[in-house]
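Throughout, protein chains are lettered first and strands after them, A, B, ... in sequence-line order, and every chain is numbered starting at 1.
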Number of protein chains: 2
Amino acid sequence: MTGQLPTTRRPTRQRTAIAEALSHSPEFRSAQEIHARLAEGGAGVGLATVYRNLQAMAADGEVDVIRTEDGEAVYRACATEDHHHHVVCRGCGLAVEVTGDSVERWAEAVAAEHGFVQVRHTVEVEGLCGDCARRR
Amino acid sequence: MTGQLPTTRRPTRQRTAIAEALSHSPEFRSAQEIHARLAEGGAGVGLATVYRNLQAMAADGEVDVIRTEDGEAVYRACATEDHHHHVVCRGCGLAVEVTGDSVERWAEAVAAEHGFVQVRHTVEVEGLCGDCARRR
DNA sequence: ACAGTAATGAGAACCGTTGTCAAATTCATG
DNA sequence: CATGAATTTGACAACGGTTCTCATTACTGT
């Protein structure tokens with residue numbers, strides 16, 4: 001069920017710069033942050049271009065996207081190419097990648113049980129990370 | 001006893017209407033949807049008021065908030081009693097309630113594994129129900 | 001009833017994101 | 001290398017959800 005679509009992407013200076021910038025940061029970055037970083041780095045890239053490419057990369061599974069608490073989309077180079085989820089701290093925003101075969105199976109099974117096909121699922125786990133919990 | 005923070009909330013027609021509308025829907029609703037529903041229901045409530053109250057309710061833990069894939073905030077009355085999830089058909093909207101102890105345990109375990117506490121989770125499973133699948 | 005204070009509503013302001021479209025870049029060919 | 005077709009880019013406008021502003025209205029305790 002892996003689906004590398006026939007993606008026809010042309011390698012451009014901008015696209016490379018964006019991927020590069022992203023790969024150098026272990027943290028999640030917003031499109032605006034990347035745009036700013038590229039701007040001050042001399043190699044300016046249009047804001048719209050940054051958005052477009054990040055979206056495309058996310059669609060291709062090259063990067064992870066999550067929404068911050070205030071709805072901003074933030075991206076990060078994928079640590080694993082596989083399908084996975086995140087556990088997000090509602091205190092500091094720390095996000096940890098986790099995989100969970102059991103959830104995948106459960107989702108698939110419970111959907112099939114009711115005759116559903118082409119199943120997709122969204123799982124969000126949030127809590128307080130150790131540091132934030134201690135800090136309260 | 002833990003408690004009701006000294007929240008000085010005044011009971012108003014608007015606030016009640018919002019809570020009411022929310023409690024009648026098992027699904028997550030956006031502020032705009034609630035605003036629209038109240039509007040056509042005769043008892044109009046200002047959009048800003050809907051936003052303010054939903055935020056307040058969320059802050060007080062009366063309702064759950066999650067962000068849709070496109071960044072919109074959606075709210076749902078807290079199901080303190082029967083915690084369950086839904087499998088929603090993206091064709092016709094059919095929603096089936098399902099429970100899943102395995103998911104609950106997985107979420108708890110995976111969070112604890114990374115030192116997270118006060119864990120909450122949201123799980124949404126979507127696909128095409130049998131009818132819709134056949135119809136394509 | 002009355003004053004004090006929280007809540008409301010209409011609309012403007014915000015801000016992240018997406019759309020527009022002409023100009024620039026890339027690729028495949030001749 | 002020249003050329004043309006198809007992508008991609010970028011500046012800026014437009015969008016949409018959310019928040020802010022502030023005058024007006026509705027509760028509350030006395």
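Following rounding to the nearest Å, Arg13(A) (CZ) and dA24(C) (C1') show an atom-to-atom distance of 11 Å. The separation between Tyr51(B) atom OH and dG11(C) atom P is 17 Å, rounded to whole Å. Between the C1' atom of dG16(C) and the CZ atom of Arg29(A) lies a distance of 18 Å, rounded to the nearest Å. The separation between Glu33(A) atom CD and dC15(C) atom P is 16 Å, rounded to whole Å. If you take NE2 of His35(A) and C1' of dT17(C), they are 13 Å apart, rounded to a whole angstrom. In this structure, Gln32(A) atom CD and dC15(C) atom P are separated by 10 Å, rounded to whole Å. Across the protein-nucleic acid pair, Glu69(B) atom CD and dG16(D) atom C1' stand 17 Å apart, rounded to whole Å. Following rounding to the nearest Å, Arg67(B) (CZ) and dG16(D) (P) show an atom-to-atom distance of 17 Å.
Within 3.5 Å, no donor on the side chain of Arg52(A) pairs with an acceptor on the base of dG19(C), nor the reverse. In the interface, the side chain of Arg10(B) is paired with the base of dT5(C) through a donor and an acceptor atom under 3.5 Å apart.
Using a 3.5 Å distance cut-off with no hydrogens or angles, the side chains of Tyr75(A) and Gln55(A) do not pair a donor with an acceptor. For the residue pair Glu104(A) and His85(A), a side-chain donor N or O sits within less than 3.5 Å of a side-chain acceptor on the partner. A donor-acceptor pair shorter than 3.5 Å can be found between the side chains of Thr49(A) and Arg52(A).
Closest contact between the side chain of Gln14(A) and the listed nucleotides dT8(C), dG9(C), dT9(D) involves dT9(D). With distances taken from any side-chain atom of Glu72(A) to the nucleotides dG19(C), dG16(C), dG17(D), the minimum falls on dG16(C). With distances taken from any side-chain atom of Asn53(A) to the nucleotides dT8(C), dT9(D), dG11(C), the minimum falls on dT9(D).
When the nearest nucleotides of DNA chain D are assigned to Val50(A) and Tyr75(B) by heavy-atom distance, the more 5′-ward of the two goes with Val50(A). Where Thr12(A) and Ala73(A) meet DNA chain C, the nucleotide closest to each residue was compared, and Ala73(A) sits on the side nearer the 5' end. Both Leu47(B) and Gly46(A) lie close to DNA chain D; mapped to their nearest nucleotides by heavy-atom distance, the more 5′-ward contact belongs to Gly46(A).
Contact annotation for Thr49(A): base contact, defined as any heavy-atom pair under 4.0 Å involving a base atom. Within 4.0 Å of Gln55(B), counting heavy atoms only, lie sugar-phosphate atoms of the nucleic acid but no base atom.
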Inset, instruction - Would you please test Glu20(B) and Arg37(B) for salt bridge (Lys or Arg N to Asp or Glu O under 4.0 Å) and show each step? - result: CA-CA 11 Å; Glu20(B) 176 76 2; Arg37(B) 162 172 302 201; over 6 Å; no
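At least one donor-acceptor pair closer than 3.5 Å links the side chain of Arg67(B) to the backbone N or O of Glu69(A).
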